[in-house]
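Shown next, in structure tokens, is the structure this report addresses.
These figures come from a predicted structure and were not determined experimentally. Chain naming here is simple, since letters A, B, ... match the order of the sequence lines and numbering starts at 1 in each. Computed over heavy atoms, backbone and side chain alike; hydrogens, waters and symmetry mates excluded.
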Number of protein chains: 2
Amino acid sequence: MGRWQPGARGRLARAALELYAERGYEQTTVADIALRAGVTERTFFRHFADKREVLFDGSTALQAAIVGAVASAPDSMPPIEIASAAMITGSALLGDRDHARRRAAVIAANPSLRERELLKLAALGAAVAAALRERGIGEPTAALAAETGVTVFKIGFETWIADHNSGRAAPGDLAGCIRRAADRLKALAAEI
Amino acid sequence: MGRWQPGARGRLARAALELYAERGYEQTTVADIALRAGVTERTFFRHFADKREVLFDGSTALQAAIVGAVASAPDSMPPIEIASAAMITGSALLGDRDHARRRAAVIAANPSLRERELLKLAALGAAVAAALRERGIGEPTAALAAETGVTVFKIGFETWIADHNSGRAAPGDLAGCIRRAADRLKALAAEI
DNA sequence: GTCTATAGGGCGATAGAC
DNA sequence: GTCTATCGCCCTATAGAC
């Protein structure tokens, strides 16, 4: 047995979400999080760049999945369709709606956490735009399609976690919510 | 002569932009800004909530103008059109392209300033969505139209400041850039 | 792991404007 | 007199440097 237990990163992420929910983000110190996770304050900063980043651990994997889906979309698809479909593909990584809800509530309660989330979404948009350009789509088309895809993802995600039905009757799957948001947007654009 | 000169707020905002451009955001302390503006560090924090906020002093006025334009749009306009037109109306407040360029360069160079800008844009989107709901437009249509308007504003703004022509031949007006972005998006949506 | 600079909030005192 | 902007000194937590 070593001096420390493995899985410090996961314990820190879990402890942070719990504490932010229990007593609020500002009222939680990094020392509190480290204490609950059984490590030192210094260890926290070796795993996470700052106090906000600990809530966005999975974002890299999500972005990679979405970018991959953009790259492997069929050639015949129009840009906006590629972006929206990639969002739906990537959304499969976000299965646990209760966890997503708890996390979203914590983020919504604090402006500086909202800022970080928006930065992640902007980074996602930039990565999708780059992947579209890689397919030969020019600017500003690539940027517009990518931003629109992010919008559709965001609205779909919001309706997913806001959905009151948690039972089996209306499973409320994220993919369906995103697709409905995309359809709405298409209808809106058509009526101009 | 009194103990203090009036206009501390404006001097602080100007000093901050200069210093962030000269030596970088992270390399500038609030004490530096206060010194150049001829006030104390403490005074800075009475005018601005934090070190980033000093660059976004005009955002409230811009948002108010855009929300006002949404409220006074003709009844016959479709939601996305209302949002885009309101962005064009509000954009009249951003006349000085050189200043916009300098400010944008500073923001682009630093992630935490980018975060704050994204938060301002998200707040704008939320305000526009609320103004659309006020007109009887339901969700998620209001949110989608508002987000799309913000996207069009953002892309239009980027092309405006990226435009190499600063002479009279191609005046590069912001309103035109936003309108072109909106037209592009309409064309993209149509081809789905 | 220790040491330190900076952000940013709290509070009371003070000096102007009105 | 009131109201508000400024100052100065306290404090703690973050986050980077060593």
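Atom CZ of B/F48 is separated from atom P of C/dG9 by 14 Å (rounded to the nearest Å). The distance from atom CZ of B/R116 to atom C1' of C/dA7 is 13 Å, rounded to the nearest whole Å. When the C1' atom of C/dG10 is taken as reference, atom CZ of B/R46 falls 10 Å away, rounded to whole Å. The distance from atom CD of B/Q27 to atom C1' of C/dT6 is 13 Å, rounded to the nearest whole Å.
Residue B/L118 belongs to a hydrophobic cluster whose other members are A/L118, A/L119, B/L119, with links defined by side-chain heavy atoms closer than 4.5 Å.
Ionic pairing of B/E53 and B/K120 is present here: one or more N-O contacts between side-chain nitrogen and carboxylate oxygen are shorter than 4.0 angstrom.
For the pair B/R9/B/D57, a side-chain contact is recorded, criterion being any heavy-atom separation below 4.5 Å from C-beta on.
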Show each protein N/O and nucleotides 12-16 of chain D N/O combination with a separation under 3.5 Å, one pair to a line.
{"unit_1": "D/dT14", "atom_1": "OP1", "unit_2": "A/V30", "atom_2": "N", "d": "3.0"}
{"unit_1": "D/dA15", "atom_1": "OP2", "unit_2": "A/K51", "atom_2": "N", "d": "3.1"}

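Taking side-chain N and O atoms only, B/T43 has a distance below 4.0 Å to OP1 or OP2 of D/dC7.
A cation-pi arrangement is present between A/R103 and A/F56, with the terminal nitrogen or guanidinium carbon under 6.0 Å from the aromatic centre and inside a 45° cone about the axis.
Applying a 4.0 Å cut-off to non-hydrogen atoms, none of the residues of residues 17-25 of chain A approaches DNA chain D.
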**Study point:** B/R36 vs B/E22, salt bridge (Lys or Arg N to Asp or Glu O under 4.0 Å): CA-CA, chis, key distance, verdict
**Key:** CA-CA 13 Å; B/R36 185 170 289 197; B/E22 286 169 23; 3.0 Å; yes
Please output the side-chain donor-acceptor pairs of residues 63-87 of chain B that fall under 3.5 Å, not counting sequence neighbours, one pair per line with the distance.
{"unit_1": "B/S72", "atom_1": "OG", "unit_2": "B/G68", "atom_2": "O", "d": "3.1"}
{"unit_1": "B/S84", "atom_1": "OG", "unit_2": "B/I80", "atom_2": "O", "d": "3.1"}

Contacts table for residues 144-153 of chain B: side-chain donor-acceptor under 3.5 angstrom, sequence neighbours left out:
{"unit_1": "B/E147", "atom_1": "OE1", "unit_2": "A/K154", "atom_2": "NZ", "d": "3.1"}
{"unit_1": "B/T148", "atom_1": "OG1", "unit_2": "B/L144", "atom_2": "O", "d": "2.7"}
{"unit_1": "B/T151", "atom_1": "OG1", "unit_2": "B/E147", "atom_2": "O", "d": "3.0"}

Exercise answer: donor-acceptor pairs, residues 178-185 of chain A side-chain atoms, under 3.5 Å, sequence neighbours excluded:
{"unit_1": "A/R184", "atom_1": "NH1", "unit_2": "B/T141", "atom_2": "OG1", "d": "3.2"}

